[in-house]
Amino acid sequence: MTIFKWIISAMECIKKDGDLQDVVITIHWRYAAEKDGVYTDMYGATSMPLPTGEDFTPYEELTKDQVCGWLEATLDVPSMEENLDKQLDLIINPVNVTLPPPFEN
């Protein structure tokens, strides 16, 4: 069974937008997958729409679950998980290997 995990590396913010401060506009993330002790991940940066006053959460009150929810609402997570599973399978069961020559140079 594959375990998936979000890692939020950084969040780019607009310092001031009207009455709002530290408004998240870009989330820098990694999406990690682990299976049978083998690890891989993908990374990206996703732009966020500007919030309205009603749906704004002050930066210091943001939770990881909330930020990950924004990403999951924006990105094609099932496709990402399928891609990561394929990467893990290739690491666990490689189809190509690099071998040294069977002779002395």
Side-chain angles (χ1 to χ4, degrees):
M1 180 176 167
T2 305
I3 299 169
F4 297 99
K5 175 183 175 184
W6 286 106
I7 300 164
I8 307 303
S9 306
M11 293 188 285
E12 191 175 334
C13 299
I14 295 174
K15 286 300 293 171
K16 191 156 179 69
D17 182 37
D19 291 338
L20 307 178
Q21 292 185 337
D22 299 328
V23 179
V24 176
I25 57 171
T26 305
I27 302 169
H28 298 265
W29 54 266
R30 290 187 2 240
Y31 197 51
E34 185 178 353
K35 178 175 159 181
D36 299 332
V38 178
Y39 173 90
T40 191
D41 68 1
M42 59 177 52
Y43 60 91
T46 302
S47 296
M48 292 289 109
L50 291 175
T52 64
E54 296 157 5
D55 66 353
F56 178 74
T57 302
Y59 189 84
E60 61 277 355
E61 294 177 20
L62 291 174
T63 65
K64 184 176 182 180
D65 285 342
Q66 182 178 9
V67 173
C68 293
W70 294 345
L71 291 171
E72 290 169 359
T74 305
L75 299 170
D76 184 357
V77 176
S79 176
M80 293 166 57
E81 290 178 353
E82 182 180 342
N83 182 298
L84 288 168
D85 265 328
K86 287 178 183 177
Q87 288 179 39
L88 286 170
D89 287 341
L90 282 173
I91 294 169
I92 294 168
N93 303 300
V95 293
N96 295 333
V97 294
T98 302
L99 301 173
F103 50 81
E104 273 190 55
N105 282 314

Item to check | Pairing residues for K5 by the salt bridge (Lys or Arg N to Asp or Glu O under 4.0 Å) criterion, not counting sequence neighbours | outcome: none

Checklist entry - Side chains of L84 and M42: does their closest heavy-atom pair fall under 4.5 Å? => result yes

Next on the checklist: Tell me whether the count of non-hydrogen atoms from other residues, nucleotides or ligands lying under 6.0 Å of CG in D76 goes above 12.
Outcome noted: yes

Item to check | Atom of K16, atom of Q21 and distance for their closest heavy-atom approach | outcome: NZ-NE2, 4.2 Å

Checklist entry - Looking at CE of M11 and CD1 of I25, how far apart are the two atoms once the value is rounded to the nearest 0.5 Å? => result 12.0 Å

Item to check | Minimal non-hydrogen separation, K35 against I92, with atom names | outcome: O-CD1, 4.0 Å

Checklist entry - When you look at T26 and T46, which way does the side-chain contact (heavy atoms from CB on, under 4.5 Å) test go after all the steps? => result CA-CA 5 Å; T26 305; T46 302; over 6 Å; no

Checklist outcome for this item: Residues passing the side chain to side chain donor-acceptor pair (under 3.5 Å) test with Y39, sequence neighbours excluded, are R30, D41

Next on the checklist: Please find the pair of heavy atoms, one from W70 and one from I27, that lie closest to each other, and give the distance.
Outcome noted: CE3-CD1, 3.8 Å

Next on the checklist: Just by distance, no angles: are the side chains of W29 and S9 close enough, under 3.5 Å, to form a donor-acceptor pair?
Outcome noted: no

Next on the checklist: To check you understand the geometry: which heavy-atom pair defines the closest contact between I8 and C68, and what is its length?
Outcome noted: CD1-SG, 4.3 Å

Checklist outcome for this item: One should read off an interatomic distance between I3 CD1 and M1 CE, to the nearest 0.5 angstrom, of 6.5 Å

Next on the checklist: Using side-chain heavy atoms (C-beta onward) and a distance below 4.5 Å, is C13 in contact with V23?
Outcome noted: no

Which donor-acceptor pairs under 3.5 Å do side chains of residues 59-67 form with protein atoms, sequence neighbours excluded?
{"unit_1": "T63", "atom_1": "OG1", "unit_2": "Q66", "atom_2": "N", "d": "3.1"}
{"unit_1": "K64", "atom_1": "NZ", "unit_2": "W6", "atom_2": "O", "d": "2.8"}
{"unit_1": "Q66", "atom_1": "NE2", "unit_2": "T57", "atom_2": "OG1", "d": "2.9"}

Next on the checklist: Using the rule given for side-chain contact (heavy atoms from CB on, under 4.5 Å), can you reason through M80 versus L75, listing the C-alpha separation, both sets of side-chain angles and the distance that settles it, and then say yes or no?
Outcome noted: CA-CA 8 Å; M80 293 166 57; L75 299 170; 3.9 Å; yes

Item to check | Single-linkage hydrophobic cluster, 4.5 Å side-chain cutoff, M48 and Y31 together | outcome: yes

Checklist entry - Does the pair I91 and T40 meet the rule for a side-chain contact (heavy atoms from CB on, under 4.5 Å), with working shown? => result CA-CA 9 Å; I91 294 169; T40 191; 4.2 Å; yes

Item to check | side-chain contact (heavy atoms from CB on, under 4.5 Å) evaluation trace for L50 with L20 | outcome: CA-CA 10 Å; L50 291 175; L20 307 178; over 6 Å; no

